Colleague: 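I am attaching a structure below and will ask some questions about it afterwards.
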Amino acid sequence: MVQFTEEEKELLISLLVSTNFAKELVANEINDMEMGEKKLESSTYKKLIQIYDKVI
């Protein structure tokens with residue numbers, strides 16, 4: 001996995017949110033989980049829902 005500095009992480013998150021790409025990524029991940037295409041822990045699902053609520 002690629003390692004980012006905190007400054008790089010903040011810039012990346014800002015860019016993803018400002019272009020609405022973050023919302024699309026999170027929505028697609030949630031949809032894949034709900035359709036059974038991806039298996040992740042329920043805690044991950046809950047975190048994704050929380051993130052989605054923040055970026056919409």
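Fair warning: this is a prediction, and the values are worked out from it, not measured in the lab.
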Colleague: Output side-chain donor-acceptor pairs under 3.5 Å for residues 1-18, partner residues at least two apart or in another chain, one line each.
Modeller:
{"unit_1": "Thr5", "atom_1": "OG1", "unit_2": "Glu8", "atom_2": "N", "d": "3.1"}
{"unit_1": "Thr5", "atom_1": "OG1", "unit_2": "Glu8", "atom_2": "OE1", "d": "3.3"}
{"unit_1": "Glu6", "atom_1": "OE2", "unit_2": "Lys9", "atom_2": "NZ", "d": "3.3"}
{"unit_1": "Glu8", "atom_1": "OE1", "unit_2": "Thr5", "atom_2": "N", "d": "2.8"}
{"unit_1": "Ser18", "atom_1": "OG", "unit_2": "Ser14", "atom_2": "O", "d": "3.1"}
{"unit_1": "Ser18", "atom_1": "OG", "unit_2": "Leu15", "atom_2": "O", "d": "3.1"}

Colleague: For a quick test of your reading: what N or O donor-acceptor pairs under 3.5 Å do the side chains of residues 47-56 make, sequence neighbours left out?
Modeller:
none

Colleague: Please tabulate, one pair per line, all N/O donor-acceptor pairs under 3.5 Å involving side-chain atoms of residues 29-38, not counting sequence neighbours.
Modeller:
{"unit_1": "Glu29", "atom_1": "OE1", "unit_2": "Lys38", "atom_2": "NZ", "d": "2.9"}
{"unit_1": "Glu29", "atom_1": "OE2", "unit_2": "Lys38", "atom_2": "NZ", "d": "3.2"}
{"unit_1": "Glu34", "atom_1": "OE2", "unit_2": "Tyr45", "atom_2": "OH", "d": "2.5"}

